[in-house]
Number of protein chains: 2
Amino acid sequence: MANTSPSDLRALFDRVTRLSAADVWNAQLNPAQMATLEYLARANRFSRAPSHVADYLGATRGTVSQTLKALERKGHVTETRSSTDKRRTTYSLTQSGADAVAGDQDIQQILAALPAATRDGLESGLRDVLSALLARRDSRSFGLCRSCKHHATGPYCQLLDAALTAEEPNQICHEHAA
Amino acid sequence: MANTSPSDLRALFDRVTRLSAADVWNAQLNPAQMATLEYLARANRFSRAPSHVADYLGATRGTVSQTLKALERKGHVTETRSSTDKRRTTYSLTQSGADAVAGDQDIQQILAALPAATRDGLESGLRDVLSALLARRDSRSFGLCRSCKHHATGPYCQLLDAALTAEEPNQICHEHAA
DNA sequence: TTGCAATAATATCGACTCGCTACTATAAAC
DNA sequence: GTTTATAGTAGCGAGTCGATATTATTGCAA
């Protein structure tokens, strides 16, 4: 296991990616659509705009806009326009969208079956790769609300000056800062 | 780092995948084309047919056929038809194709910068996930020639009854068996 | 308060993936 | 010598994806 060459490791990562992507198609969704649904399922109410999804997935706003329209046609998300700032749109999962995310268990079953030590090693490696990727493209971290410097007990967000629900501290936030 | 939930880990994996895919587009290639080139760069001469690529990437033959045609139009691969079995076609990288693979250094640089222990943890985790995925879809392993049961010193392949070049034991083989 | 730059979301375009179903060759098995 | 399996391809429809342009809307400054 020692002396892993970066190119071998990269090939290994790519292959796992491709094979697990091939599994996602077994819903009526493609990988981009599933990734979008999964993000929406984990993001808080301040972070569900097309531009947030684009930023999170590393895609352009145009692409994400089309993906969200496709998901809307399939009934997995609904669009809500902001009344205060009419440029803003927010998307939410419908029940059918939430079901699709919950039903996508294939890779999760494999991960759940791994020994805890292996899972931890995998996670810490992926986290390191992710931080390097984020640093290079200087993208946002999308961390959990509760680990943010603007998070105050209450629960309350000092940046957005908003009271939070009980679940929100455990959701992903676009404005997250360490 | 402990108590990693499978769904968090899955989300982490997806995000790294998407962000690194976004980087690949910076060549004139999309992720599927780059993955195909990378496979061809690592596969031995018995393993470069469209169906082998399809099997490796978990895609259909039709899709791979089109991808190879696109790569051929761009001058990154060349087609060679077998004279003994006229159904068979083999693809090889051109210099331009090899350059494209070599130029795709972004993720490799990140991986190379990781501490060896982190890299090993990442690799062993990915390997476990890969074997589980392969077992479920009962796909081939595509291991290195030299680790195959048909590999004999010489170097020589007992299954295909063929003498091997010096590099071939270190390439990927479609017929690899443990 | 008019003017302009920044922001948010879409629309459109062309290249391409992807699963799918058909289809053509060719080769092997009976 | 016919059936069956294998290898590759074509064409279809849905949809991604980057690029570019367009339309609203907002905020700021002269």
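Chain identifiers are assigned alphabetically (A, B, ...) following the order of the sequence lines, protein sequences preceding nucleic acid strands; residue numbering begins at 1 within each chain.
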Can you tell me if the side-chain N/O atoms of B:Ser51 get under 4.0 Å from OP1 or OP2 in D:dG8?
-> yes
CG-NE2 distance between A:Leu164 and A:His151, expressed to the nearest 0.5 angstrom | 5.5 Å
Quick one: is D:dA24 close enough that its OP1 or OP2 comes under 4.0 Å of any side-chain N or O from A:Arg87?
-> no
Would you give a per-nucleotide map of nucleotides 10-22 of chain C, 5' to 3', where B means the base has a protein non-hydrogen atom under 4.0 Å away, S means only the sugar-phosphate does, and - means neither?
-> B-B---SSBB---
Starting at NE2 of A:His174 and ending at P of C:dT7, how long is that distance when rounded to a whole Å?
-> 12 Å
N-O pairing of B:Arg42 and B:Glu38 below 4.0 Å = no
Check the distance between D:dC17's C1' and B:Asp23's CG and give it to me in whole angstrom.
-> 15 Å
Evaluate the ring-ring contact (aromatic ring centres under 6.0 Å, His included) criterion for residues A:His174 and A:Phe142: first the C-alpha distance (whole Å), next the side-chain angles of each, then the deciding distance (0.1 Å), finally the verdict.
-> CA-CA 5 Å; A:His174 179 244; A:Phe142 285 87; 5.6 Å; yes
Return the value, rounded to whole Å, for the distance between atom CZ of B:Arg88 and atom P of D:dA5.
-> 17 Å
Which part of the nucleic acid, if any, lies within contact of B:Thr84, taking any heavy atom under 4.0 Å across all strands shown: a base, the sugar-phosphate backbone alone, or nothing?
-> sugar-phosphate
Salt bridge (charged side-chain N to carboxylate O under 4.0 Å, His left out) between B:Arg81 and B:Glu79, intermediate numbers included = CA-CA 7 Å; B:Arg81 297 193 167 274; B:Glu79 185 189 82; 3.6 Å; yes
Would you call A:Glu123-A:Arg127 a salt bridge at under 4.0 Å N-O?
-> yes
Hey, which of these two, A:Asp85 or B:Thr90, hits DNA chain D nearer its 5' end, going by closest nucleotide?
-> B:Thr90
How close or far is atom P of D:dT9 from atom NZ of B:Lys86, stated in whole angstroms?
-> 16 Å
Indicate if A:Ile107 and B:Leu19 have the same hydrophobic cluster label, given that clusters are the connected sets of ILVMFWY residues with side-chain heavy-atom separations under 4.5 angstrom.
-> yes
Using atom CG of A:Leu37 as one end and atom C1' of D:dT16 as the other, report the distance to the nearest whole Å.
-> 15 Å
Roughly how many Å is it from CD in A:Gln28 to C1' in D:dA14, rounded to a whole number?
-> 13 Å
